[in-house]
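Accompanying notes for the structure given below.
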Amino acid sequence: MSSDLALEMKFITEQVLASPGNADEQSARQLPYDRAAVTAISFRPHRRPGLRLGDASRVTRVGILGLLDLALSSHTYAQVATIMGLESLVARGSNWRKDQQSDDYYLVVHGHPHDNHRWGWRFEGHHISITATVQGDRIDVAPIFLGASPDKLLHAGRVLLHPLVAEAELARTALNDMGPSHRAAAIVTRTVPREITHGSTAQATTSEPAGVRVSDLPRAAQRSLRELASTYINRAAPTLATQQAQLLEKAELTFAWLGGTSPGEEFHYLLQAEGLFIAEYGNNSHGQKSANHVHTILRLPRSDFGGHFGPETPQ
């Protein structure tokens, strides 16, 4: 039940806010509920407001991870844990010139976890940004940004890590199952954007290129793209994703592919339902020999940042 989930989320948040810390740490971990601050998501590696995971006590760290456990599905929690672990590999690969660590992630609370007011929290750092918004017993967990560098880690030709594998392979499988004419329509350009377009916008709207309508595709391609949409929707915990999944079942999806189709080439895609759902993926090389740096995001235009709750109640 979402009401039980909201109560548990409120309890854990209050425990985290009450945990010991100096005055600066206490003030940084909780901010007023300000729409501009709430929607200012970032997935770059830098210091930001909030309680840094590496500075939290063991008990408080368990609380922060507990919030993620409540908000996310089990497979997404595993993706988050893997992405965090990749940060130390980035530092190692730079001969430790880059000061990036696996606990350089921050929890910030916006507003006060009271029953009758909107409040929320964000867990954020390099390649992760997860926003949860709560009002009464209603919870929205969106947007959810996940990235990875390296996206795929190999040893002796075998894959050791590939945290965003489903997001890549389902799209590629769908493209292969389309047939020549549909594939030609789906690949709207060979030019790849340098960044995903919906990664840091306050208000997401479905956008061009639309590509092809999924309902017009062969059944095998339709199945793969419906499964891909489900993979994104089910980043949230099952009790939170059910309603969105039901809406998406009846929605008309479109799919657009940008870039190359061979392994190692840069590519990008948009899977969208008008006004309801956006899944965006980009795999870029950033000057390397092959594309191995992925950014993905789930946007729910009606529900991002608690958008479907209605007008915010003054606190």
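Excluded from the calculations below are hydrogen atoms, water molecules and symmetry mates; all remaining heavy atoms, backbone and side chain alike, are included. What you see is a predicted model; the values in this text were computed from it and never measured. Along the sequence shown, residues carry numbers from 1.
- Smallest separation of non-hydrogen atoms from Met84 and Ile128: CG-CD1, 3.5 Å.
- Classification of Arg172 and Glu167 as a salt-bridged pair fails, no side-chain N sitting under 4.0 Å from a carboxylate O.
- Taking the charged nitrogens against the carboxylate oxygens, Glu195 and Arg44 do have a contact shorter than 4.0 Å, which makes a salt bridge.
- Heavy atoms only, all atoms of each residue included: Ser207 and His198 are closest at OG-NE2, 3.1 Å.
- The closest side-chain donor-acceptor pair between Ser215 and Glu252 falls under 3.5 angstrom.
- Judged by distance alone, the side chains of Gln30 and His110 never bring a donor and an acceptor atom under 3.5 Å apart.
- With hydrophobic clusters built from ILVMFWY side chains whose heavy atoms lie under 4.5 angstrom apart, Leu298 shares a cluster with Ile139.
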Is there a side chain to side chain donor-acceptor pair (under 3.5 Å) between Arg299 and Thr205? Walk through the geometry before answering. CA-CA 9 Å; Arg299 298 299 302 259; Thr205 57; over 6 Å; no

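- Taking both residues in full, the closest heavy atoms of Tyr106 and Arg52 are given as CE2-CB, 3.6 Å, listed atom of the first, atom of the second, then distance.
- Side chain of Tyr105 to backbone of His126: a donor-acceptor contact under 3.5 angstrom is found.
- Considering CD1 of Ile233 and CZ of Phe277, their distance stands at 5.0 Å, rounded to 0.5 Å.
- Looking only at atom types and distance, the side chain of Thr133 has no donor-acceptor partner in the side chain of Arg138 under 3.5 Å away.
- Val294 is connected to Leu146 through a chain of hydrophobic side-chain contacts under 4.5 Å among Ile, Leu, Val, Met, Phe, Trp and Tyr, so both are in one cluster.
- Side-chain contact check for Asp151 and His162: at least one donor-acceptor pair (N or O, by modelled atom type) lies under 3.5 Å.
- Side-chain atoms of His117 and Gln135 include no donor-acceptor pair closer than 3.5 Å.
- Of all heavy-atom pairs between Leu258 and Val192, the closest is O-CG2, 4.1 Å.
- Side chains of Arg235 and Thr296: a donor on one and an acceptor on the other come within 3.5 Å.
- In this structure, Phe43 and His295 have perpendicular ring planes: the angle between them is above 60°, well past the 30° mark.
- Using modelled atom types, no side-chain atom of Ser129 and backbone atom of Gly125 make a donor-acceptor pair closer than 3.5 Å.
- With hydrogens and angles left out, the side-chain atoms of Glu266 and Ser285 include a donor and acceptor closer than 3.5 Å.
- Cluster membership for Ile12 and Tyr77, using ILVMFWY side-chain heavy atoms within less than 4.5 angstrom, is shared.
- Closest non-hydrogen pair, Ile187 versus Gly259, comes out as CG2-O, 4.2 Å.
- Side chain of Gln222 to main chain of Leu217: a donor-acceptor pair is present (N/O by atom type, distance under 3.5 Å, no hydrogens or angles).
- Residue Val188 is not grouped with residue Phe267 when hydrophobic side chains (ILVMFWY) are merged at heavy-atom distances under 4.5 angstrom, including chains of intermediate members.
- With hydrogens and angles ignored, the 3.5 Å screen pairs a side-chain donor or acceptor of Ser57 with a backbone N or O of Thr60.
- Residues Val16 and Val109 are members of one and the same hydrophobic cluster, defined by side-chain heavy-atom contacts under 4.5 angstrom among Ile, Leu, Val, Met, Phe, Trp and Tyr.
- For CZ of Arg194, the number of neighbouring non-hydrogen atoms (other residues, nucleotides, ligands) closer than 6.0 Å is greater than 12.
- Judged by distance alone, the side chain of Ser230 and the main-chain N or O of Arg226 form no donor-acceptor pair under 3.5 Å.
- The environment of His155 atom NE2 is sparse: at most 12 non-hydrogen atoms of other residues, nucleotides or ligands sit within 6.0 angstrom.
- Between the side chains of His127 and His293, at least one donor N or O lies within less than 3.5 Å of an accepting N or O.
- Ion pairing between Glu124 and Arg48 holds under the 4.0 Å rule for side-chain N and carboxylate O.
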